[in-house]
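A quick write-up on the structure given underneath.
All residue numbers in this chain count up from 1 along the given sequence. For ligands, and for the atoms within them, numbers begin at 1 and follow the listed sequence.
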Amino acid sequence: MAAGGKTFIVEHLDEELGPWSELEYAAIANETRDAGGCFILSSLPPTFRVPAALASNGAFAAERRGVEELYAADKSRVCLLDPSASEDLSPDDGDKFDAFLFGGILGDDPPRDRTSELRKKGFEGRRLGPKQMTTDTAVRVTRMVVQDKIALDKVPYVDFPELKFNEHESTEMPFRYVTDQAGQPIMPAGMNELIQGDADKVVDDLL
Ligand code: SAM
């Protein structure tokens, strides 16, 4: 692992691995590998089948054990990214913590605070600002802050972007995203097509 590469743990909390989560996790695995870190998907049910996109990634590990068991001896080195934490994440947290923990939950609107399931376990928490992010965005921002040492308020964002599929179809995403150099929200490969497919399905169901 390259110097400074951190461990990013997503504790799987949803019943199953839906197509959205699969794309998010593949994006986390690829970006984490490229930045010299490692990505652990923890608390996986015995029936969990590791998708090919993750299985082939050398920085990825699938874990049946939960984060409490994995870090039983060193809980103070784990930081929970928690939308309700009283302190925002800062570059110095890269020295304080080795591992960063996220809820493996799909975003919901309004947010249902399922991160509370991890908060109860007593890990120290940090917020990534006031807006809900997708899990891959939350990992991306955390990496930029603790590894690249970019202050949270210097990360380029867009809130609630509108995805335009064609002249007549668009949808607003109720989350905050990091933007690329062209000012466009960074999303996992394949996500745009998946969202458009889901939107088309809703229309078909209405017909
Ligand atoms: N609606 C959600 C809930 O029930 O808590 C938020 C889920 S969010 C899609 C997935 C994970 O990303 C959260 O569990 C948290 O670890 C992280 N996250 C997202 N936005 C965040 C923020 N503004 N501050 C800290 N962590 C955040």
For residues [X] and [Y], determine if any side-chain heavy atom of one lies less than 4.5 Å from a side-chain heavy atom of the other.
| X | Y | value |
| --- | --- | --- |
| T137 | F175 | no |
| V145 | D93 | no |
| Y177 | P161 | yes |

Below 4.0 angstrom from a heavy atom of [X], which ligand 1 atoms are there? Numbered from 1 as shown, please.
| X | answer |
| --- | --- |
| P111 | 1 (N) |
| I105 | 9 (C), 10 (C), 14 (O) |
| D113 | 3 (C), 4 (O), 5 (O) |
| R112 | 1 (N), 4 (O) |

Examine [X] against ligand 1 and note whether any of their N/O atoms are separated by less than 3.5 Å.
| X | answer |
| --- | --- |
| P130 | no |
| T115 | yes |
| A138 | no |
| L81 | yes |
| G103 | yes |

For [atom], what's the nearest protein heavy-atom neighbour? Residue, atom name and distance, please.
| atom | answer |
| --- | --- |
| atom 24 (N) of ligand 1 | L128 N, 2.9 Å |
| atom 7 (C) of ligand 1 | Q132 OE1, 3.8 Å |
| atom 21 (C) of ligand 1 | P83 CG, 3.8 Å |

Please determine if [X] and [Y] form a salt bridge, counting it only when a charged side-chain N lies under 4.0 Å from a carboxylate O.
| X | Y | answer |
| --- | --- | --- |
| K149 | D95 | yes |
| E117 | R119 | no |
| R143 | E31 | yes |
| D136 | R140 | yes |

| request: May I ask which of R114, M133, E11, E117 has a heavy atom nearer to atom 9 (C) of ligand 1 than the others do? | output: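 Going through R114, M133, E11, E117 one by one, M133 has the nearest heavy atom to atom 9 (C) of ligand 1.
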
Practice problem: Could you name the option among R126, R176, K131 that has the heavy atom nearest to atom 23 (N) of ligand 1? | Solution: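 Selected option, by shortest heavy-atom distance: K131.
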
Filter on ring pair (Phe, Tyr, Trp, His ring centres under 6.0 Å), then keep only pairs touching residues 55-80, sequence neighbours left out; what's left?
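Only F39-F60 qualify under ring pair (Phe, Tyr, Trp, His ring centres under 6.0 Å).
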
Next on the checklist: Test: ring pair (Phe, Tyr, Trp, His ring centres under 6.0 Å). Region: residues 128-151. Which pairs qualify, not counting sequence neighbours?
Outcome noted: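 Sorted pair list comes back empty.
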
- Does T137 approach ligand 1 within less than 4.0 angstrom via side chain, backbone, both or neither, non-hydrogen atoms only?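 It is neither part, as no heavy atom is under 4.0 Å.
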
Report task. Please indicate whether K164 has more than 12 foreign heavy atoms, meaning atoms of other residues, nucleotides or ligands, lying under 6.0 Å from its NZ. Result ->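 Yes, because the 6.0 Å sphere around NZ of K164 holds more than 12 heavy atoms from other groups.
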
